[in-house]
Each structure stands twice: as C-alpha cells, then as structure tokens.
Engineer: 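Let me begin by handing over the structure; questions about it come next.
Keep in mind it's a predicted model, so treat the numbers as computed, not measured. Residue numbers start at 1 and run along the sequence shown. Scope of the values below: all heavy atoms of this structure, side chains included, with no hydrogens, waters or symmetry mates. Note that ligands are numbered from 1 as they come in the structure, with each ligand's atoms numbered from 1 the same way.
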Amino acid sequence: MPNIGKNFFKRKIISRNEIPIHINGHKITIKREDEIDKWVSGNKYRKLKYIFLNLNKNRINKLLSFGGAYSNHLVALAKAGNLYDLKTIGIIRGKEWEKKYLFNPSLSFCKKNNMDLYFVSREEYRLYQKGITSKKIINSNSKLKIIGEGGKCKEAIKGCKEILTASDKDFDTLCVSVGTGSTISGVIESSNSNQFVLGFLSLKHKKMKKEISKNTSRVNWKLIDDYIFKGYARVNEELINFINDFYKEYKIPLDPIYNSKMVFGIFDMIKKNKWRWGKNILVINSGGLQGVEGMNLKLEERGCETIIF
Ligand SMILES: *Cc1c(COP(=O)(O)O)cnc(C)c1O
C-alpha cells in the first residue's frame with residue numbers, strides 16, 4: 001500500500017465479503033477486514049481511527065499504550081503514529097524481551113516505526129494498567145493520551161460501528177472474536193434488531209458480559225467461551241492444521257489468536273448439530289495476520305508444524 005500519510009484514517013473503508021462457504025445447509029460469508037492493512041489491521045484500524053482524527057482537536061502529540069510482545073494493537077499504533085509523525089510509546093509485558101526484541105518481528109516493527117519501547121515485569125505491567133505510570137516515561141509537559149491495552153476506549157467502539165454496512169443487513173447471524181470487547185460492542189450497536197451477534201472469547205474473562213453490557217443496552221448477543229484453546233495466544237496442532245487446511249481450501253488466511261478459533265468453533269458447532277442460531281452467517285475476519293511470523297518462529301522452535309501463508 002502506498003504511503004498515504006495523514007489521510008490514512010480519513011478514508012471511508014468498506015471491506016469486501018467473500019463468496020459464501022456452504023456447510024450442512026448453512027451459509028458462511030467472511031468479511032475481509034484483514035485486508036485493510038497488514039499492520040494497522042482489521043479492527044485495529046477501526047479502533048484507532050477516531051483517536052487519530054481527533055488528535056488536533058484534543059491537542060494530543062503523544063500516544064501511550066500497553067501490550068504483549070506480539071500485540072496487534074501496538075504494531076498498529078506504531079505504524080499509525082509513524083504515518084502521522086506522532087510520538088508513540090509502548091509498554092511491553094515481559095522484561096525478558098528487552099535484550100531480544102529485535103528477534104521478535106512485531107516488536108522490531110514497532111521500533112522501526114519509532115515507537116519507544118519500555119519493557120516491564122508482569123507485576124509492574126499490572127500496576128501500569130491501573131494508571132500508576134512512571135514519570136520517567138511520561139514527560140508531564142507533553143500532551144499525552146493513554147490508550148488501554150488492546151486499544152480499549154470510547155473511540156474504539158465508535159470506529160467499530162463502521163464495520164457493518166447497509167448491504168450486511170440480510171445476514172441473520174454475525175460472528176466476531178472478542179478480546180477487550182470493544183469490537184463486538186460496536187458491531188452490536190450497529191446491528192439490526194433482527195440480527196443476532198455471537199462473540200467468541202479468545203481468553204477466559206468472567207466479567208466480559210458485564211463489560212460489554214456497559215457499552216450497549218441491546219440484548220441481541222451472546223458470548224461463547226468453548227473455543228479458547230486453553231488460553232490466550234495458545235495454539236495446538238489441531239488449530240494449526242485447521243488454519244492451513246482452511247487456507248488451502250478457501251484462500252482465506254485466519255490469524256492463530258482470534259479468527260481461527262472463532263471459525264473453528266462455528267464449523268465445529270454446525271457439524272455437531274450444536275448451532276442454535278441462523279443459517280445466513282457473516283463472520284468478521286478482524287485481521288491480526290502480522291502475528292503469524294512471530295507465531296511461526298515459536299512453532300519452529302518447538303519443532304511443530306507452522307502456518308503456511
Ligand atoms: C485485538 C483483536 C481482537 C479483539 O478485539 P477487541 O475489540 O479487543 O475485543 C480480535 N481480533 C483481532 C485480530 C485482534 O487483533
């Protein structure tokens with residue numbers, strides 16, 4: 001994609017829907033939000049959009065956020081910050097990355113895009129997230145905005161209301177993967193009342209239902225936590241095989257942290273006759289493909305099968 005600098009978030013983006021996949025009388029259509037950009041990918045584009053469009057109005061010249069060593073959100077923030085000539089700061093969970101971040105594709109991308117990286121222990125990270133931020137990192141004169149882990153904020157929900165378009169109203173069931181819950185909140189808010197939204201959790205989070213209820217008064221949605229695969233960012237051979245088979249069959253890449261688990265779950269429920277929702281299903285592919293390179297390095301280290309795209 002050409003460097004379009006400060007017009008990056010001014011574009012109105014409508015992602016294309018793939019030709020439907022038919023299984024057991026169900027029609028599954030995948031919305032290719034992953035095609036927005038490799039780095040400011042899928043829902044991360046949607047979540048950052050209104051932060052960047054309001055930088056001048058809010059007199060912000062620095063953005064700080066948090067994430068793990070493979071964070072899709074930090075990668076997106078770093079690239080967007082670079083396009084807008086804006087200072088970005090990433091607080092990275094895991095002190096151990098300090099000495100080897102150049103061997104991590106996501107972190108080295110952040111660095112190349114001029115993000116300042118601070119590596120903190122897991123305990124420190126928790127304190128940072130509670131708002132206890134170090135003066136060493138934050139210069140009190142600068143007009144800094146702190147964005148929650150994973151890009152969680154009000155602007156994020158507003159941006160995610162733009163994923164669905166008028167032509168998507170014919171689908172009866174909408175599927176979204178869930179991390180912080182911002183994306184699904186936007187999708188629920190912009191759905192029609194005759195549509196049902198299913199959220200697939202990528203990590204155990206007992207309060208997620210409550211969190212999402214704070215963002216919407218709508219009730220046409222439900223969370224599914226049967227396809228977490230033992231934890232956030234955990235994968236097994238079955239999932240990697242599913243990703244590779246799916247790619248060979250449909251030429252659609254699914255990331256290993258979020259979308260592959262969701263699509264695995266949808267197929268699994270339909271095949272086992274456990275699917276209780278509509279037959280005309282829209283699945284939002286929320287991107288995250290930048291993480292594949294890092295995941296493959298980990299899989300290679302363990303001597304496992306890797307992802308083929
Ligand atoms: C961050 C992310 C999610 C989770 O989105 P939330 O708004 O945090 O729920 C889902 N899919 C991908 C690919 C992501 O990077």
Side-chain angles (χ1 to χ4, degrees), residues 15 30-51 65-80 90 93 106 109-110 129 147-164 174-190 197-205 207-216 221 223-225 227-229 232-233 235 239 243 252-266 283-295 307:
S15 299
I30 298 196
K31 181 180 276 303
R32 297 296 302 273
E33 285 277 291
D34 56 300
E35 291 180 333
I36 294 177
D37 187 76
K38 179 174 177 191
W39 307 99
V40 192
S41 168
N43 63 353
K44 300 305 184 277
Y45 178 93
R46 304 289 181 188
K47 292 170 84 167
L48 289 174
K49 176 176 173 176
Y50 286 101
I51 295 175
S65 197
F66 311 88
Y70 300 94
S71 167
N72 294 331
H73 164 62
L74 288 183
V75 162
L77 180 63
K79 173 167 172 182
R93 186 179 58 232
S106 307
F109 179 88
C110 289
Q129 285 204 292
I147 308 170
E149 186 181 42
K152 189 177 166 189
C153 57
K154 278 204 187 73
E155 291 94 332
I157 299 171
K158 180 174 177 190
C160 289
K161 286 185 194 168
E162 296 175 358
I163 295 173
L164 295 178
L174 312 170
C175 296
V176 196
S177 53
V178 177
T180 66
S182 299
T183 305
I184 194 174
S185 298
V187 170
I188 295 166
E189 283 284 283
S190 59
V197 184
L198 280 180
F200 288 77
L201 291 183
S202 57
L203 67 163
K204 280 265 179 248
H205 192 315
K207 295 192 181 135
M208 186 50 68
K209 192 173 170 201
K210 217 164 146 193
E211 288 282 309
I212 295 168
S213 303
K214 284 184 203 159
N215 302 327
T216 180
W221 58 278
L223 296 177
I224 292 178
D225 64 0
Y227 298 97
I228 291 172
F229 284 77
Y232 183 72
V235 298
L239 187 70
I243 293 170
I252 301 170
L254 301 171
D255 82 293
I257 317 280
Y258 295 98
N259 292 289
S260 56
K261 294 180 180 181
M262 165 174 63
V263 176
F264 183 101
I266 297 166
V283 177
I284 294 161
N285 185 340
S286 46
L289 297 168
Q290 69 80 27
V292 169
E293 201 184 334
M295 176 60 78
I307 298 164

Engineer: How are the rings of Tyr232 and Tyr258 set relative to one another: parallel (under 30°), tilted (30 to 60°) or perpendicular (over 60°)?
Structural biologist: perpendicular
Engineer: For side-chain contact (heavy atoms from CB on, under 4.5 Å), just list the numbers for Lys261 and Leu239, CA-CA rounded to whole Å, side-chain angles, deciding distance to a tenth of an Å, and then say yes or no.
Structural biologist: CA-CA 7 Å; Lys261 294 180 180 181; Leu239 187 70; 3.8 Å; yes
Engineer: Under the 3.5 angstrom rule, does the side chain of Thr216 hit a backbone N or O of Ser213 as a donor-acceptor pair?
Structural biologist: no
Engineer: Any atoms of ligand 1 less than 4.0 Å from a non-hydrogen atom of Asn72? List them with their elements.
Structural biologist: 13 (C), 14 (C), 15 (O)
Engineer: In terms of residue, atom name and distance, what is the protein heavy atom nearest to atom 5 (O) of ligand 1?
Structural biologist: Asn43 ND2, 3.0 Å
Engineer: Taking only non-hydrogen atoms of Gly42, do any sit less than 4.0 angstrom from ligand 1?
Structural biologist: no
Engineer: Does Asp34 use its side chain to pair, donor to acceptor, with the backbone of Ser41 at less than 3.5 Å?
Structural biologist: no
Engineer: Which atoms of ligand 1 sit under 4.0 Å from any heavy atom of Thr180?
Structural biologist: 6 (P), 7 (O), 8 (O), 9 (O)
Engineer: With a 3.5 Å cut-off and no angle check, do the side chains of Ser106 and Gln290 form a donor-acceptor pair?
Structural biologist: yes
Engineer: Taking heavy atoms and a distance under 4.0 Å, where does Asn259 meet ligand 1: side chain, backbone, both or neither?
Structural biologist: side chain
Engineer: So which heavy atom in the protein is nearest atom 12 (C) of ligand 1, and how far is it from that ligand atom?
Structural biologist: Tyr258 CD1, 3.2 Å
Engineer: Does any N or O in the side chain of Asn43 come within less than 3.5 Å of the main-chain N or O of Gly288, such that one atom is a donor and the other an acceptor?
Structural biologist: no
Engineer: Measure across Val197 and Val176 and return the closest heavy-atom pair with its distance rounded to 0.1 Å.
Structural biologist: CG1-CG2, 4.0 Å
Engineer: Which ligand 1 atoms are under 4.0 Å away from a heavy-atom of Lys47?
Structural biologist: 5 (O), 6 (P), 7 (O), 8 (O)
Engineer: Quick check: does Gly150 get an N/O under 3.5 Å from an N/O on ligand 1?
Structural biologist: no
Engineer: Go through ligand 1 atom by atom and flag the ones less than 4.0 Å from a non-hydrogen atom of Ser182.
Structural biologist: 7 (O), 9 (O)
Engineer: What are the atoms of ligand 1, with element, lying closer than 4.0 Å to any heavy atom of Ser177?
Structural biologist: 10 (C), 11 (N)
Engineer: Please confirm whether Lys158 makes a cation-pi placement over Tyr50, using NZ or CZ under 6.0 Å from the six-membered ring centre and within 45° of the ring normal.
Structural biologist: yes
Engineer: With rounding to the nearest 0.5 Å, note down the distance linking CD in Glu189 to CD1 in Ile157.
Structural biologist: 8.0 Å
Engineer: Quick check against the 3.5 Å criterion: does Ser65 have a side-chain atom that pairs as donor or acceptor with the backbone of Gly148?
Structural biologist: yes
Engineer: Quick one: nearest non-hydrogen protein atom to atom 4 (C) of ligand 1, plus distance?
Structural biologist: Gly179 N, 3.4 Å
Engineer: Does Lys47 reach the main-chain N or O of Gly150 with its side chain, forming a donor-acceptor pair under 3.5 Å?
Structural biologist: yes
Engineer: Does any N/O atom on Val178 come nearer than 3.5 Å to any N/O atom on ligand 1?
Structural biologist: no
Engineer: For ligand 1, which part of Ile184 has a heavy atom less than 4.0 Å away: the side chain, the backbone, both, or neither?
Structural biologist: neither
Engineer: Atom 13 (C) of ligand 1: which protein heavy atom is closest, and how many Å away?
Structural biologist: Gly287 O, 3.2 Å
Engineer: Measuring from non-hydrogen atoms of Lys44 to any atom of ligand 1, is the shortest distance under 4.0 Å?
Structural biologist: yes
Engineer: List ligand 1 atoms under 4.0 Å from Thr183, heavy atoms only on the residue side.
Structural biologist: 5 (O), 6 (P), 7 (O)
Engineer: Considering only heavy atoms, which of Ser286, Gly288, Ser260 lies nearest to atom 11 (N) of ligand 1?
Structural biologist: Ser286
